[in-house]
Amino acid sequence: MLDSKYLYFTSAVLCLLYLVGFFKNGKAYKIFTIYIVGVLIIDYISSNLWKWFRIYNVFLHHFYELFQFVILSYFYSLLLKTKAQLISVYVLLIVLPIFLFSRYLFNPNLFLEFNLLETYLTTMPLIIYSTMHLYNNLGGKSEYYFTNIGLLFYLFTSTFIFLIYKLVVILEFDEFNDIMIDINIILQYIKFAFFFYQWKLIYFNKK
């Protein structure tokens, strides 16, 4: 199995690079920086939950998905152009968290279960927003183009991975767990490559 510590190191370097220009760039840049820093913190805590508190990381995964949905919805609200697109973002940004919180309020045991429905509900809107952003800028200059491509790539592929993981759990194919973890790590490296390239474009354009 691939060593995840190199992934955390790569993510930390990426966060530091984006933090350097945090106060010099616009709101979308700041929101995206908060996103990657938040994901790094949540991922690191999640990977150590069992060692520290004997708690399975599926508990923190719920907060990760909600955090990702909220912060990236706000990110795309700054990039999307049409009124209909923005209304759809704002409506889901209010309705979906209320729906998810209501489920956990009435059934707290869901916190300890992997919920594929939650994954789809929080991921599919982001995939749609990302696709909208690509469509809006066909043939023209797209703001945060490589950031968007990296997000779209990872959100789509990771959702597929979660679907396969659920199938593996049901069929008890435990030997595939390490393979799927390695695939997810590789996908994250690819995502980071897009983010690094976007930072390079932003930095040298400023220069």
Verdict with supporting geometry, Phe22 and Ile34, side-chain contact (heavy atoms from CB on, under 4.5 Å): CA-CA 9 Å; Phe22 186 83; Ile34 293 171; 4.1 Å; yes

field: Parallel, tilted or perpendicular: rings of Phe194 and Phe146 (30°, 60°)
entry: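 Judged by the thresholds at 30° and 60°, the geometry between Phe146 and Phe194 is parallel.
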
When you compare the side chains of [X] and [Y], does any donor N or O come within less than 3.5 Å of an acceptor on the partner?
X: Ser47; Y: Tyr8; value: yes
X: His133; Y: Tyr144; value: no
X: Tyr64; Y: Asp43; value: no
X: Asn136; Y: Gln85; value: yes
X: Asn109; Y: Tyr104; value: no
X: Thr119; Y: Glu65; value: yes

Taking all non-hydrogen atoms of both residues, which atom of [X] and which atom of [Y] are closest, and how far apart?
X: Thr123; Y: Thr159; value: CG2-OG1, 3.0 Å
X: Ile149; Y: Leu134; value: CD1-CD2, 3.9 Å
X: Tyr29; Y: Gly21; value: CE2-O, 3.4 Å

How about [X]: does its [atom1] atom have over 12 heavy atoms from other parts shown lying under 6.0 Å from it?
X: Tyr189; atom1: OH; value: yes
X: Tyr145; atom1: OH; value: no
X: Phe156; atom1: CZ; value: no

query: Passes side-chain contact (heavy atoms from CB on, under 4.5 Å), Val91 versus Ile87? Steps please.
result: CA-CA 6 Å; Val91 169; Ile87 290 176; 4.0 Å; yes

message: Can you confirm whether or not the ring centre of Phe195 sits under 6.0 Å from the ring centre of Tyr18?
response: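 Ring-ring flag for Phe195/Tyr18: false, centres at least 6.0 Å apart.
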
task: Measure centre to centre between the rings of Tyr35 and Phe75, then say whether the value is under 6.0 Å.
output: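 Distance test on ring centres: not under 6.0 Å, no.
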
Under the 3.5 angstrom rule, does the side chain of [X] hit a backbone N or O of [Y] as a donor-acceptor pair?
X: Lys30; Y: Asn25; value: yes
X: Trp199; Y: Leu17; value: yes
X: Thr10; Y: Tyr6; value: yes
X: Ser77; Y: Tyr74; value: yes
X: Ser11; Y: Leu7; value: no

So how far is it from [X] [atom1] to [Y] [atom2], rounded to the nearest 0.5 Å?
X: Gln198; Y: Phe192; atom1: CD; atom2: CZ; result: 15.0 Å
X: Asn148; Y: Thr131; atom1: CG; atom2: OG1; result: 8.0 Å
X: Leu19; Y: Thr33; atom1: CG; atom2: OG1; result: 6.0 Å

message: Go through it in stages, so that I can follow the logic: the residues are Phe69 and Leu93, the test is side-chain contact (heavy atoms from CB on, under 4.5 Å), and I'd like the CA-CA distance, side-chain angles, deciding distance and then a yes or no.
response: CA-CA 8 Å; Phe69 171 75; Leu93 193 53; 4.2 Å; yes

- request: Go through the steps to decide whether Thr157 and Ile190 satisfy the test side-chain contact (heavy atoms from CB on, under 4.5 Å), and finish with yes or no.
  value: CA-CA 11 Å; Thr157 53; Ile190 297 173; over 6 Å; no

field: Minimum side-chain heavy-atom gap Val13-Phe196 below 4.5 Å
entry: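 In short, these two side chains touch, coming nearer than 4.5 Å.
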
